[in-house]
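Right, one structure below, let's go through it.
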Amino acid sequence: MVSTALSNRFYMGRIKKRGYLWVTLGFFVISISAHWTFAWFAYIDEQNAHNQPVQAGDYFNKTFRDTMENWQSEFLQLIWQVAGLSFLLYAGSPQSKEEQDRTEEKIDFIIKKLEPENAKRLLEEWDRKYPKK
């Protein structure tokens, strides 16, 4: 019973931790499904208007081409802007590192002013507890 509760809590924690990913993935699946479904109906109407046979291979090629054109012009730009920037900040690019160092130095200064007699001990303790990467 305890094991089940712990494993449920573990999985719920992982789901909540990556909630944005799951919501985005859900939106992606819904939108790509709707795109391909409506493309099928448009393809059938177009083929009927030109008295042409409906062929799944032709539909797949046209819809895949349209999807890739859309992704190339919109999705890849957005992915680079959002994911690329997030990765660079997370990985510790020089720009993000400078800001962290500056903030840490300011906090150290404040601690030294507020607790002059304990500052050195506190800062050393925190450096051991939270080592710099």
* For Lys129 and Glu125, what are the C-alpha separation, side-chain angles and deciding distance, and is it a salt bridge (charged side-chain N to carboxylate O under 4.0 Å, His left out)? -> CA-CA 6 Å; Lys129 190 174 181 180; Glu125 182 180 320; over 6 Å; no
Could you pull out every donor-acceptor pair under 3.5 Å between side chains of residues 48-65 and any protein atom, sequence neighbours left out?
from	atom 1	to	atom 2	distance (Å)
Asn48	ND2	Ile44	O	3.3
His50	ND1	Glu46	O	2.9
Asp58	OD2	Tyr43	OH	3.1
Tyr59	OH	Trp36	O	2.6
Asn61	ND2	Gly57	O	3.3
Thr63	OG1	Tyr59	O	2.9

### Query
Would Ile111 and Trp126 satisfy side chain to side chain contact (heavy atoms under 4.5 Å, CB included), going step by step from the backbone distance to the final call?
CA-CA 12 Å; Ile111 292 170; Trp126 290 331; 3.2 Å; yes
Scan the side chains in residues 20-29 for donor-acceptor partners under 3.5 Å anywhere in the protein, sequence neighbours excluded, and list what turns up.
from	atom 1	to	atom 2	distance (Å)
Thr24	OG1	Tyr20	O	2.8

To the nearest 0.5 Å, atom CD of Glu104 lies from atom CZ of Phe109 at 15.5 Å
One should read off an interatomic distance between Thr67 OG1 and Glu69 CD, to the nearest 0.5 angstrom, of 9.5 Å
Value for CG (Asp108) from CG (Leu123), rounded to nearest 0.5 Å, stands at 4.5 Å
*Any side-chain heavy-atom pair of Ile110 and Leu114 under 4.5 Å*: yes
